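None of the values given here were measured: they were computed from a predicted structure. Sequence lines set the chain letters: A, B, ... in the order given, protein chains first and strands last, and positions in each chain run from 1.
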There are 2 protein chains.
Amino acid sequence: MPTTPQNMEEHLALFEQACRAAGLRVTHQRLQVYRQLALLDTHPTAEILHQELRKKIPTISLDTVYRTLATFAAHGLINKVETIESQARFEVALMRHHHLICSSCKTIMDFQWQSVDDALLPSEVSAWGRIDTRSVVVYGICHTCLQQTPLPGK
Amino acid sequence: MPTTPQNMEEHLALFEQACRAAGLRVTHQRLQVYRQLALLDTHPTAEILHQELRKKIPTISLDTVYRTLATFAAHGLINKVETIESQARFEVALMRHHHLICSSCKTIMDFQWQSVDDALLPSEVSAWGRIDTRSVVVYGICHTCLQQTPLPGK
DNA sequence: TTACTTGCAAAGCCTTTGCAGTAAA
DNA sequence: TTTACTGCAAAGGCTTTGCAAGTAA
C-alpha cells in the first residue's frame with residue numbers, strides 16, 4: 001500500500017509527527033528511508049532500499065537502513081512482512097490489507113478482503129488471549145510466471 | 001498439527017511411502033527427523049529439533065537437520081512456517097490450518113477456520129494467477145503472557 | 001550542550017556448501 | 001555396485017553491534 005507522489009508531502013508530515021510523538025529524532029536519513037519505502041509497493045528488502053537511497057544519499061550505510069527499519073517497525077510505523085524467505089521485507093503501515101505471494105518470482109502484492117477482516121474468529125482463538133491483528137497470506141503463481149513456464153512448480 | 005504416538009506407526013509408514021514416491025532414500029536420520037517433528041506441535045526450529053534428535057542419534061549433525069528439512073519442504077512433506085523472525089520454524093504438512101502467534105512469547109498455535117478456507121477470494125486475487133494455498137496468521141498476546149505482564153507490548 | 005544517530009568495521013547468528021566417507025537400493 | 005546421503009568443517013548471507021564522530025533538539 002504505497003503513497004502516490006501527490007500525497008507524499010502530507011504523508012511525510014504525518015510521519016514526522018508520529019516520530020516526534022514516539023520520541024524519535026527526525027533525521028534526513030530517517031525521512032528518506034520512510035519516503036523511499038512509501039514510494040515502493042514492492043515490499044523491498046533492506047538491501048534494495050539501500051541501493052535506491054544511495055542515489056539520493058550516497059554515503060548512507062546499509063546498517064543505518066537496517067537500524068532505521070528496525071526502529072520504525074518497533075514503533076509500528078512500518079511492518080516487517082512475514083515470508084518463508086531468509087531476507088526480510090518491509091512496507092509502510094497504512095491500510096489494513098493482506099498479501100499475495102508468487103511462489104515463482106516471489107513478488108508480493110497487497111489486496112483487501114473485507115469479509116475476512118470482519119469475520120468472527122473461531123471461539124478457540126478468542127479464548128486463547130488478546131487478538132491484535134489478523135493477516136491472510138495467499139500463495140500461488142502469478143500470470144506472468146504462468147506464461148513463462150509451461151509447468152510451474154507447486 | 002502433530003501426531004499422537006498411537007498414530008505414529010501408520011503415519012511413518014505413509015511418510016516412508018511418500019519418500020519413495022518422491023525418489024528420496026529412507027534413511028534413519030530422515031525417519032527420525034520426521035518422527036520428531038510429527039511428535040511436536042511447537043513448530044520447532046532446526047536447532048531445537050537437532051537438540052531433541054541428539055538424544056536418540058548422538059552423532060546427527062545440525063546441517064543434516066537443515067538439509068533434511070529443506071528436502072522435506074521442497075517435496076511438500078513438511079511446511080516452513082512464515083514468521084517475521086530470523087529463525088525458520090517447521091511443521092508436518094497434514095490438515096489445513098492457520099496460525100496463532102503470541103507476540104510476546106513467540107509461541108505458535110494451530111487453529112482451523114473453515115469459513116475462511118471456503119470463502120471466495122476477492123476477484124482481483126483470482127484474476128492475479130493460479131492460487132495454491134491461503135493461510136491466516138493471527139497475532140496477539142496469549143493468556144499466559146497477559147497474566148505475567150500488566151501492560152504487554154502491542 | 002546533551003543525548004540520540006550515523007558510518008565504519010567487525011562480529012554474530014542462522015543457514016548452506018564442498019568433500020570424503022557411509023549407507024540405501 | 002551405484003548413487004544418494006551424512007558428518008565435518010568451512011564458508012556464506014543477512015543482520016546486529018561497539019565505537020567514535022556527527023547532528024537534532
Side-chain angles (χ1 to χ4, degrees), chain A residues 12-13 15-37 43-51 53-54 56-75 77-78 80-90 106, chain B residues 12-13 15-37 43-51 53-54 56-75 77-78 80-90 106:
Chain A
L12 282 182
F15 167 73
E16 232 184 282
Q17 216 173 297
C19 271
R20 290 184 207 284
L24 296 177
R25 289 191 176 169
V26 178
T27 66
H28 183 49
Q29 286 89 338
R30 285 184 173 169
L31 275 174
Q32 291 303 314
V33 167
Y34 189 87
R35 186 183 154 280
Q36 190 61 52
L37 187 59
H43 307 79
T45 63
E47 197 166 348
I48 288 170
L49 277 173
H50 181 232
Q51 284 169 15
L53 286 161
R54 277 203 297 189
K56 283 212 155 189
I57 317 177
T59 59
I60 194 170
S61 66
L62 180 56
D63 46 86
T64 292
V65 176
Y66 271 111
R67 247 185 301 223
T68 303
L69 291 171
T71 303
F72 289 171
H75 288 273
L77 299 167
I78 67 171
K80 200 166 170 180
V81 181
E82 64 257 26
T83 73
I84 57 171
E85 288 171 78
S86 52
Q87 265 189 92
R89 286 160 166 263
F90 300 87
K106 314 300 179 193
Chain B
L12 282 181
F15 168 73
E16 229 183 286
Q17 214 173 299
C19 271
R20 290 183 206 284
L24 296 176
R25 288 190 179 171
V26 179
T27 67
H28 184 48
Q29 287 88 337
R30 283 183 174 170
L31 275 174
Q32 292 302 315
V33 168
Y34 189 86
R35 186 184 153 280
Q36 188 61 53
L37 189 59
H43 306 80
T45 62
E47 198 166 345
I48 288 171
L49 278 174
H50 180 233
Q51 284 169 16
L53 286 161
R54 277 203 297 188
K56 283 213 155 192
I57 316 175
T59 58
I60 195 170
S61 65
L62 179 57
D63 47 85
T64 293
V65 176
Y66 271 111
R67 248 185 301 221
T68 303
L69 291 171
T71 304
F72 289 171
H75 288 275
L77 299 168
I78 68 171
K80 199 168 171 180
V81 181
E82 64 258 24
T83 73
I84 57 170
E85 288 170 77
S86 51
Q87 263 189 93
R89 287 161 164 261
F90 300 86
K106 314 299 179 194

Discussion item. Quick check: on DNA chain C, is the nucleotide nearest B/V26 upstream (toward 5') of the one nearest A/R67, or the reverse? Name the residue that is more 5'.
Written reply: A/R67
Worksheet item: Given C/dT6, is OP1 or OP2 found less than 4.0 Å from the side-chain N or O atoms of A/S61?
Response: no
Worksheet item: Of the candidate nucleotides C/dT15, C/dA24, C/dT6, which contains the atom at the shortest distance from the side chain of A/T68?
Response: C/dT6
Item to complete: Name the residue closer to the 5' end of DNA chain D, choosing between B/V65 and A/R20 according to the nucleotide with the nearest heavy atom.
Response: B/V65
Worksheet item: For A/E85 and C/dT15, what is the distance between atoms CD and P respectively, to the nearest whole Å?
Response: 14 Å
Fill in: Side-chain donor/acceptor of B/R25 to base of D/dT3, under 3.5 Å
yes
Item to complete: Report which part of the nucleic acid A/T59 touches: base, sugar-phosphate, or nothing (heavy-atom distance under 4.0 Å, all strands).
Response: sugar-phosphate
Worksheet, complete the sentence: Only one of A/Q32, A/H28, A/R54 passes side chain to side chain contact (heavy atoms under 4.5 Å, CB included) with A/I60, and that residue is A/R54
Item to complete: Would you mind telling me which of D/dG7, C/dC8, C/dT5 lies closest to the side-chain atoms of B/T64?
Response: D/dG7
Worksheet entry | Ring centre gap for B/F15 and B/F72 strictly below 6.0 Å | yes
Worksheet entry | Min side-chain heavy-atom separation A/L12-A/Y34 under 4.5 Å | yes
Practice prompt. Return the value, rounded to whole Å, for the distance between atom CG of B/L62 and atom P of D/dT6.
Written response: 13 Å
Discussion item. Within the 4.5 Å heavy-atom criterion, are A/K106 and A/R89 side-chain neighbours or not?
Written reply: yes
Worksheet item: Is there a side-chain polar atom (N or O) of A/Q29 under 4.0 Å from OP1 or OP2 of D/dA24?
Response: no
Discussion item. Does D/dT6 have OP1 or OP2 under 4.0 Å away from a side-chain N or O of B/T27?
Written reply: yes
Discussion item. Just to be sure I understand the rule, does B/R30 reach a base, reach only the sugar-phosphate, or reach nothing, if contact means heavy atoms closer than 4.0 Å?
Written reply: sugar-phosphate
Worksheet item: Out of D/dG7, C/dA24, C/dC8, which nucleotide sits closest to the side chain of A/D63?
Response: C/dC8
Practice prompt. Check every strand shown and say whether B/A88 touches a base, only sugar-phosphate, or nothing at a heavy-atom separation below 4.0 Å.
Written response: sugar-phosphate
